[in-house]
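Okay, so here's the structure we're looking at.
For clarity, every value in this text was computed on a predicted model and none was experimentally measured.
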Protein chains: 2
Amino acid sequence: MARTVLSTAELRMPVVAAAAVQEFARGGYHGTTIADVARAAKISPAYVIKLYPRKEQLFVAALEACFDQVVEALAAGADRAQDTSPDGVLYTMGAAYAELIGDRTLLMLQVHAQSVADVPEIGTALRAGLREVVDFAKSRSGGSDEAVQRFIAYGQLCHLVVTAQIDEVPEAWARLLTEGIRHPA
Amino acid sequence: MARTVLSTAELRMPVVAAAAVQEFARGGYHGTTIADVARAAKISPAYVIKLYPRKEQLFVAALEACFDQVVEALAAGADRAQDTSPDGVLYTMGAAYAELIGDRTLLMLQVHAQSVADVPEIGTALRAGLREVVDFAKSRSGGSDEAVQRFIAYGQLCHLVVTAQIDEVPEAWARLLTEGIRHPA
DNA sequence: ACCCTGAGTGAGTGACCCTTCACTCTCTCT
DNA sequence: AGAGAGAGTGAAGGGTCACTCACTCAGGGT
């Protein structure tokens with residue numbers, strides 16, 4: 001007979017993944033311990049390892065949860081677009097993304113993932129996430145390749161601004177970089 | 001009497017910094033040990049620490065050496081420009097940058113620096129390096145703020161492509177991202 | 001009543017890493 | 001010749017971390 005209810009392990013894994021998003025976003029892959037994630041998930045380190053036997057698997061689970069939220073936010077943003085031209089949809093998706101990463105968590109996790117993309121499983125997960133984002137942006141907006149590429153490029157600029165905390169620098173070079181990428185609410 | 005010759009320590013420090021560039025670029029801040037850098041510089045770990053008493057200082061030295069090379073390459077590129085219009089100069093600087101980061105080293109180090117920019121000294125050094133790059137690109141090209149911002153944004157896209165090794169993916173979404181950012185030789 | 005499966009943990013292990021410290025050796029200046 | 005400064009190192013300490021293992025406990029089927 002097929003199981004009709006999820007085991008508690010299957011229920012607990014996404015909770016642990018959510019905790020991993022928070023912790024890895026804070027400390028990065030090498031700067032975060034399994035004990036950190038376990039504490040955030042309120043279980044023992046040993047049980048985290050039982051759910052995700054290797055640290056990379058834990059990071060990959062966090063990264064997948066991160067990209068799920070990103071695509072979901074882009075979709076919600078696109079649905080809100082008044083101007084349904086490709087550029088209009090892309091602009092609204094950009095605004096939705098800017099709002100999503102207001103707390104830095106999901107953005108930092110992506111940057112940390114870039115930093116350790118040499119770990120095979122993490123590189124694969126990163127490319128899978130990017131593929132989802134790019135494919136969605138392209139198909140949902142109907143924009144040209146160039147427009148979608150520009151969308152991603154300015155998203156990466158946004159990552160730089162946030163990681164280096166350039167938006168708190170009042171000098172000219174910093175304002176040049178941040179100009180226009182803060183979307184109006 | 002003023003010293004007329006550099007002490008060997010003063011001569012050795014840039015050598016250690018160069019080794020630190022290589023090693024930190026490979027493993028990132030937390031993934032690289034002082035022993036790794038010491039081995040690459042062919043000295044003992046204890047002496048690395050005598051030259052750079054804290055690990056962050058070693059990383060900062062590497063990052064400064066990295067940005068020095070970047071600005072130097074941009075300058076050399078700009079000098080080679082045939083088309084001396086702002087966009088022409090920026091294009092040639094982009095080509096020079098693309099050539100410089102062909103071996104991934106300097107690019108990876110910048111991404112790792114973004115990842116640990118929360119460490120105060122590293123964040124400060126990262127902003128200082130970016131400031132140099134932006135100020136130089138702006139003043140040397142004479143381009144508009146928007147043109148310089150676009151120059152940096154597509155540079156960041158380039159970082160993403162290289163870190164995630166997207167240029168080795170033959171699918172449509174990947175070609176969309178990489179299209180046109182590989183400058184002709 | 002009995003067993004068995006799976007959730008969950010405490011305690012440990014082997015490895016590694018940053019940093020310190022006492023030490024040696026080689027110049028240079030007097 | 002002697003002293004002193006600075007280059008450079010070996011060894012060790014104190015701490016941390018990923019991962020293992022043997023274990024307890026609760027619930028459900030028979």
Side-chain angles (χ1 to χ4, degrees), chain A residues 1-20 22-63 112 115-116 118-122, chain B residues 1-20 22-63 112 115-116 118-122:
Chain A
M1 186 176 79
R3 303 183 74 121
T4 61
V5 289
L6 293 173
S7 76
T8 66
E10 283 165 8
L11 283 174
R12 175 98 48 183
M13 285 180 72
V15 175
V16 174
Q22 295 295 324
E23 296 302 309
F24 279 126
R26 198 186 307 282
Y29 182 66
H30 292 292
T32 301
T33 71
I34 291 179
D36 290 335
V37 176
R39 199 175 312 117
K42 296 198 231 285
I43 61 177
S44 69
Y47 193 40
V48 171
I49 292 178
K50 183 161 279 187
L51 296 174
Y52 297 97
R54 316 221 46 123
K55 196 184 180 186
E56 320 112 41
Q57 295 172 21
L58 184 58
F59 190 90
V60 165
L63 195 56
H112 291 315
S115 183
V116 286
D118 289 334
V119 177
E121 291 100 323
I122 296 177
Chain B
M1 187 177 77
R3 304 183 72 122
T4 61
V5 290
L6 293 173
S7 75
T8 67
E10 283 165 6
L11 284 173
R12 176 112 27 200
M13 285 180 72
V15 175
V16 174
Q22 295 295 325
E23 295 303 308
F24 280 126
R26 197 186 308 282
Y29 182 66
H30 288 111
T32 300
T33 71
I34 290 179
D36 290 335
V37 176
R39 199 174 314 117
K42 297 197 228 288
I43 60 176
S44 70
Y47 192 42
V48 170
I49 290 179
K50 184 162 279 185
L51 295 175
Y52 296 97
R54 317 223 43 123
K55 196 183 179 184
E56 320 111 40
Q57 296 171 23
L58 184 58
F59 190 90
V60 166
L63 195 57
H112 291 315
S115 183
V116 286
D118 289 335
V119 177
E121 291 102 323
I122 296 177

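The shortest distance between side-chain heavy atoms of A/F24 and A/K55 falls below 4.5 Å. Looking at heavy atoms from C-beta onward, B/E56 lies in side-chain contact with B/Y29 at the 4.5 angstrom threshold.
One can place CG of A/L51 at 14 Å from P of C/dG6, the figure rounded to the nearest angstrom. B/R39 has its CZ atom 13 Å from the P atom of D/dG10, to the nearest Å. One interatomic measurement links the two molecules: CD of B/E10 to P of D/dA5, which rounds to 18 Å at whole-angstrom precision. Computed from coordinates, the A/L11 CG to C/dG8 P distance equals 10 Å when rounded to whole Å. Atom OH of B/Y52 and atom P of C/dC18 are 17 Å apart (whole Å). Rounded to whole angstrom, the span from the CD1 atom of B/I43 across to the C1' atom of C/dC25 amounts to 17 Å.
With distances taken from any side-chain atom of A/Y47 to the nucleotides C/dT20, C/dG8, D/dT20, the minimum falls on C/dG8. Listed candidates were D/dA7, C/dG8, D/dC21. Nearest to the side chain of A/K50 is C/dG8. Checked against D/dG8, C/dA7, C/dT19, the side chain of B/R54 finds its nearest nucleotide in C/dT19. Which of C/dT19, D/dT9, C/dG8 sits closest to the side chain of B/K55 comes down to C/dT19. Closest approach to the A/I49 side chain among D/dC19, C/dT20, C/dG8 is made by D/dC19 (side chain taken as heavy atoms from C-beta onward). You'll find that the side chain of B/A9 is closest to D/dA7, out of C/dG10, D/dA7, D/dG10.
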* Test side-chain contact (heavy atoms from CB on, under 4.5 Å) on A/F59 and A/E121 and set out the steps. => CA-CA 9 Å; A/F59 190 90; A/E121 291 100 323; over 6 Å; no
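Between A/S44 and A/A38, the shortest heavy-atom distance links the atoms C-CB, 3.7 Å. The two residues B/L58 and B/A20 have their closest heavy-atom pair at CD1-CB, 3.9 Å. Summarising the geometry of B/D118 relative to A/R26, their closest heavy-atom pair is OD2-O, 4.3 Å, with the distance given to 0.1 Å.
Between B/R12 and D/dA7 there is no side-chain polar atom (N or O) within less than 4.0 angstrom of OP1 or OP2.
A heavy atom closer than 4.0 Å to some atom of DNA chain C occurs in B/T32, B/T33, B/I34, these being the qualifying members of residues 29-38 of chain B.
Between the CZ atom of B/R39 and the CD atom of B/E23 there is a distance of 7.5 Å, given to the nearest 0.5 Å.
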